[in-house]
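No hydrogens, no waters, no symmetry mates; every other heavy atom, side chains included, goes into these values. Just so it is clear: chains get the letters A, B, ... in the order the sequence lines come, proteins before strands, and each one is counted from 1.
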Amino acid sequence: MTVLDHRHPDTVPGWLPGATGPRTDPAPLLPDASPLRILGTEAQAKTDPALLRELYRRLVVGRRYNQQATTLTKQGRLAVYPASTGQEACEVAAALALRPQDWLFPSYRDTLAVVSRGVDPLEALTLLRGSAHTGYDPVATRTAPLSTPLATQAPHAVGLAHAARLRGEQVVALTMLGDGGTSEGDFHEALNFAAVLHAPVVFLVQNNGYAISVPLTQQSAAPSLAHKAVGYGMPGRLVDGNDAAAMHAVLSEAVERARSGGGPTLIEALTYRVEAHTNADDATRYREDAEVTAWREHDPILMMERHLRPAGVIDDQLVQEAAEEAEALAARMRAEFHAEPVLDPQSLFTHVYAEMTPQLREQAAQLAAELAAEAEVEA
Amino acid sequence: MTVLDHRHPDTVPGWLPGATGPRTDPAPLLPDASPLRILGTEAQAKTDPALLRELYRRLVVGRRYNQQATTLTKQGRLAVYPASTGQEACEVAAALALRPQDWLFPSYRDTLAVVSRGVDPLEALTLLRGSAHTGYDPVATRTAPLSTPLATQAPHAVGLAHAARLRGEQVVALTMLGDGGTSEGDFHEALNFAAVLHAPVVFLVQNNGYAISVPLTQQSAAPSLAHKAVGYGMPGRLVDGNDAAAMHAVLSEAVERARSGGGPTLIEALTYRVEAHTNADDATRYREDAEVTAWREHDPILMMERHLRPAGVIDDQLVQEAAEEAEALAARMRAEFHAEPVLDPQSLFTHVYAEMTPQLREQAAQLAAELAAEAEVEA
Amino acid sequence: MTTAVSTRTSTMAQALNSALRDEMRADPTVHVLGEDVGALGGVFRITDGLTAEFGEDRCLNTPLAEAGILGTAIGMAMYGLRPVVEMQFDAFAYPAMEQLVSHVAKMRNRTAGKLPLPITIRIPYGGGIGGVEHHSDSSEAYYAQTPGLHVVTPATVEDAYGLLRASIASDDPVIFLEPKRLYWGKAEWDPSVAVPPVGRAALRRDGRSAVLITYGPSLPVCLEAAEAAKAEGWDLAVLDLRTLVPFDDETVARVVRSVGRAVVVHESTGFGGVGAEIAARVTERCFHHLAAPVLRVTGFDIPYPPPMLEHHHLPGVDRILDAVARLQWEDGR
Amino acid sequence: MTTAVSTRTSTMAQALNSALRDEMRADPTVHVLGEDVGALGGVFRITDGLTAEFGEDRCLNTPLAEAGILGTAIGMAMYGLRPVVEMQFDAFAYPAMEQLVSHVAKMRNRTAGKLPLPITIRIPYGGGIGGVEHHSDSSEAYYAQTPGLHVVTPATVEDAYGLLRASIASDDPVIFLEPKRLYWGKAEWDPSVAVPPVGRAALRRDGRSAVLITYGPSLPVCLEAAEAAKAEGWDLAVLDLRTLVPFDDETVARVVRSVGRAVVVHESTGFGGVGAEIAARVTERCFHHLAAPVLRVTGFDIPYPPPMLEHHHLPGVDRILDAVARLQWEDGR
Ligand SMILES: Cc1ncc(C[n+]2csc(CCOP(=O)(O)OP(=O)(O)O)c2C)c(N)n1
Ligand SMILES: Cc1ncc(C[n+]2csc(CCOP(=O)(O)OP(=O)(O)O)c2C)c(N)n1
Ligand SMILES: [Mg+2]
Ligand SMILES: [Mg+2]
């Protein structure tokens, strides 16, 4: 009796001659017609105020983190920064929905989720600073390296979740992608593997309307990206990605369903990239300000304040505490990033293999000799 | 005003803040609960008897073609043969649903569709004989080379259909894949490109239950493979792949819809591979005879005779004519394949590039010299 | 073909943009497709203004899927179009490897010439621009070893224009490798000069001591090294291959025989790199003219390092001169 | 580790199967995954009986998607498992190229050693079996030039067993290339002998005239050629590299220096092939010991031909002896 004996408990074995009906009922897999919302709906009152306050706090800190990182690029302290400004609800909810033993598989835009999970910004941003590929310990932090090749991290999440399940450990893998990433073959293969293996994985697609300059209409003709789920035999969920409460609810449900053996889920979060793709991008070439303005009105922080201040869940004290925490983080980032990193040229050769090959030993020696010679000249 | 100004006329531009409802209505994209059938239903009477007789005739010839090709492997006249025995309804309906200007993109198992389109078996089978990669002229026959790397032909079909549309020519591309092929990233990317470009393409997936030894349950957990269509924004159709009349109806509808600017369609045909994967395969390692027996009862030729003889559409004369035509084809194949092919070693170097590179000229000369030397020794 | 007459001064990026525009004007079957090639003009602006001038049908923003892009281009070429594909960065061409190796490189051959694929695949490649991981790969060796592909890489602004036009006009598939770090270098060039043929190397500097054989991103550093070598009393020639496949054996062998010493310089990793092929075939052809083994100066055999360390990885003037010094000069210069 | 004691006679395919079984018995973290590796035992039967003995959890039939297979294996390795991936044929590993180059080869490096990936990727490769197109590619050069990968290819039954066990036990990712056409060759071998280390070449035959440097599918033909060369008065050594990365410079240089003449033989295409690297580094290290340039005998620079023509493409005894004859013997043997 193995885990895989019931890798997808609901499907009947293949088709029979003259079969009628699909192998399983597609209805429960289809997303609701409208994205889930909690803020400003009856569901808001049913949501734990402490959770709402925690989400708000993280949003405010997250926004400040995005602003500070962007500033650091202007000062040449970061090589490049892809801001998640406007998408903070997705980022912080993802961090909050996971337990310590769970794994996060972020894409290159998700450093906020990594920081919100507890990784120091200095470590989370080495890739974008240019000092190291990965600045944190993925095993200690249960956080995979930031994935730049789009959607390639998705099958890793499936494999890790599957391995944990094989070992009988209740670990969930959450992977984050963009709308553009859903077009890659790896996205498709990962979802199919997850469904077939019934692996405890959650796929969070942040549909922020653009893949750099390419709008969603040139990326997909689907009714929604969440509708892709039925084609794999997993549930698809559509949620307002700027409603932090809704994001947390949908993610937590999917994460705990996966943990309890319920299999994978695909979530499409509707959000918007209010900044340019990165500080190096010029968004005026491909979109109207009016569109941006409309979305700024639907800002995740504004939405919380709009609906939770009247309800008394957010008060001046919380606003002030959050602002102070945000400033403290920004100050720490400024200080930490203005120090020049100390790098070891020999690190080029360590960690290519478990042991240096004879060829790498020769090359390491060559570089050492060159640097010694340079030093002499300078002296 | 360009073709792409309305590359997918039905979708609204992206999402708006606080949007409700999906971008388009998914309902019409979802496949019917049960596979379409015509034989033995009221629809049978409404189907042109001449068409039914033509389909029957092609089925019988196609079955004989499969048998003869398999026999040729036993005689060492073919290196290997992946039979489409039991799947002939899909193969011949695909050929019949296309017009001369349309393009067929077959997979390695679809030589029958190629032959049924009018290509000589000797030319259609060079790949499996081992004498040439592609034995027919793809441009003259509007038939792409048999594709062995699974699903890689699907994006080619999209590109060709898109190019024809750009030129304002009413050409449809039909590509054939297996159930296993739907797991490949290229399948996903091709369907997405087709939907976004609104290209006149038809994707025919023959779900024959297995990818070599891997049953569908280990390949996909979806309600049906046709349900994948909604995730791209194209209609999905489920059809009994052993009902030649239903196959032709579904294919013709999709082909003509594509021709008239209606965009792509994904069709899942439920069928069964009654022979082993190829003559080299041992199917007893992974499936029960009982399963095969059940499907042999649901054989496409038997089904036609069962339902069309009583109805008088198929009579003794047709049965005899079809059998004679089949035997004539088999006889021609025996004769043609027993002659040794004449091959030119220098063909190794022609057609690598438009012009031989200096390096290839050297290598061609080297081989010529080697062969001359050998000939001398023999003389 | 419409070409301007007077010379102009522009960056390599602008010259590449002009080449695309001029080919699209000259040949209506030329179509550009790729990620962000539309309104944005590509992340490097090489396709700037093409959608505006030729419309979306001629310059197409595709979904984000490289195998799909190349596979679609194959189908377009099968129908008689001449697609120019932009891969956004070197490492992001890898998803298209199967379409490239199993179809693009082989289609003409597997159809006995019936289905040639005149596709140009533009790939910004190489490092030296402070790019984060996966944005600085030198992937030329993957392509150079795949029969059926031509592999072209310009090192000057004028060649960028001329070789891109020649590549698009070629009836064979061409991997067109654009050295990212040379994109923004300005030079005066003449768009009206004849388009150089694919497959011919160019001697950029004559010399009698030894020859530096290089291409693409490493040409400027080799010219710098040759300048600096004068102080050491070495008169170095610099040979710019321009095309890796088909390889210009004739020119390379002629130059090497005349000087008797050669160093191959490229920034991609050394082991199994294109430099190995160059050294091997030069030695096969010029063995008895060589006073010393053909040496290689290349990137180390490591994954491309983070930006703050890349200068240690990339061949520089000193590393090149160190190699020249090892060319066994005892028997005189 | 449990290993039998007495010697046995088996095919290479069976030895590979034994290696997998013995490693799976010895180490519960070893998991096999791929297409058809379950009940069928793989199209070459290398995984025969593994699902029966270890269950589906240890030997898994995956969906048909190579990038997904390798990507899933990466995730499994990140959680402490030791995956062994089977790619069904050489050309069908190409869809996984991005996962291989951008993750498998780099993960240890990009995480400063925190995430090693002890994955073994088994790839049946090469021709000579009458396979239709895309079933006979020699893809070793793609892997050998990618830093971070070890590349191993056995040529004998005993090495197939030993090197596969060594590869699975390695903490680095290993591309394990299995010469298809040697699968069915029988030999007597001793499963109890020590597992050979990855990275060491083996001198299969000593000789004083020249050395044939080869690996994998070309070893038998080189041994045949060495036998035939006796008639011509040549006493040829034959060196089996066994591992392409890391390369055994020490052994190779020692042998070449001792004989002064070398021919590199492999069946993959010559241009940019592994033979170029071998010729180049041997020349760099042994230049003054060489009486003639290191020559290469390889497949032609063409897409792999159809079965009925492949014998013209594959290096044979005569082609090897022709090269040996061109080693400039005038200065004696
Ligand atoms: C395989 C691959 N192809 C191309 C790129 C270049 N690229 C980086 S970000 C990006 C757009 C990503 O869009 P999306 O997935 O929507 O994520 P977002 O940037 O909106 O967060 C592209 C094309 C890449 N990183 N990887
Ligand atoms: C990319 C790729 N991977 C693996 C293979 C090896 N292979 C050949 S046929 C086959 C099974 C195909 O199954 P399916 O798509 O269902 O088609 P069928 O054989 O049932 O017609 C496999 C795995 C291949 N040809 N291409
Ligand atoms: Mg996006
Ligand atoms: Mg099948």
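The distance from the CG atom of A:Leu160 to the OG1 atom of D:Thr72 is 11.0 Å, given to the nearest 0.5 Å. Within the model, atoms OH of A:Tyr136 and OG1 of D:Thr111 stand 10.0 Å from one another, a figure rounded to the nearest 0.5 Å. Annotation: the span from A:Thr350 atom OG1 to D:Asn109 atom CG amounts to 7.5 Å, rounded to 0.5 Å. Rounded to the nearest 0.5 Å, atoms CE (D:Met76) and CZ (A:Arg167) are 10.0 Å apart. Note that OH of A:Tyr353 is 7.5 Å distant from CG of D:Asp172, once rounded to the nearest 0.5 Å.
You'll find the side chain of A:Glu189 stays beyond 4.5 Å of the side chain of D:Pro63, heavy atoms only. Annotation: side chain of A:Leu360 is not in contact with side chain of D:Pro147 (no heavy-atom distance under 4.5 Å). D:His31 places a side-chain heavy atom less than 4.5 Å from the side chain of A:Leu166. The shortest distance between side-chain heavy atoms of D:Leu60 and A:His162 falls below 4.5 Å. D:Asp249 places a side-chain heavy atom less than 4.5 Å from the side chain of A:Gln359.
With a 4.5 angstrom heavy-atom cutoff, A:Val139 touches chain D only via side-chain atoms. The parts of D:Ala65 that come within reach of chain A are both its backbone and its side chain, each placing non-hydrogen atoms under 4.5 angstrom from that chain. Only the backbone of A:Leu146 comes within contact range of chain D, with heavy atoms under 4.5 Å apart. When heavy atoms are compared at a cutoff of 4.5 Å, A:Leu348 approaches chain D solely by way of its backbone atoms N, CA, C and O. Interface remark: D:Glu66 contributes backbone atoms only to the contact with chain A (heavy atom separation under 4.5 Å). Neither the backbone nor the side chain of D:Leu70 has a heavy atom closer than 4.5 Å to any heavy atom of chain A. The part of D:Arg281 that comes within reach of chain A is its side chain, from C-beta onward, which places non-hydrogen atoms under 4.5 angstrom from that chain. Of the atoms belonging to A:Ala157, not a single heavy atom falls under 4.5 Å from chain D. With a 4.5 Å cut-off on non-hydrogen atoms, D:Pro116 does not touch chain A at all. Only the side chain of A:Glu362 comes within less than 4.5 Å of a heavy atom in chain D; its backbone stays farther off. Contact of D:His150 with chain A is made through backbone and side chain together, with heavy-atom distances under 4.5 Å.
Not one N or O on the side chain of D:Tyr79 forms a donor-acceptor pair closer than 3.5 Å with the backbone of A:Gly159. Of the possible polar contacts, none joining the D:Glu98 side chain to the A:Pro149 backbone as a donor-acceptor pair under 3.5 Å is found. Of the possible donor and acceptor atoms, none in the side chain of D:Asp171 sits under 3.5 Å from a partner among the backbone N and O of A:Ala354. The main-chain N or O of D:Pro246 is never found under 3.5 Å from a side-chain atom of A:Thr357 such that the two would form a donor-acceptor pair.
Ranked by heavy-atom pairs shorter than 4.5 Å toward chain A, the options D:Leu81, D:Val245, D:Asp248 are led by D:Leu81. The candidate from A:Val158, A:Asp186, A:Asn192 with the greatest count of non-hydrogen atom pairs under 4.5 Å with chain D is A:Asp186. Listed options A:Glu355, A:Glu169, A:His188 were ranked by heavy-atom pairs under 4.5 angstrom with chain D; first place goes to A:Glu169. By number of non-hydrogen pairs under 4.5 angstrom with chain A, the leading residue of D:Met78, D:Met107, D:Gln99 is D:Gln99.
Salt bridge absent: D:Lys114 and A:Glu123 never bring a charged side-chain N and a carboxylate O closer than 4.0 Å.
Heavy atoms only, all atoms of each residue included: D:Gly71 and A:His156 are closest at O-CD2, 3.3 Å.
No side-chain donor from either of D:His103 and A:Gln153 sits under 3.5 Å from a side-chain acceptor of the other.
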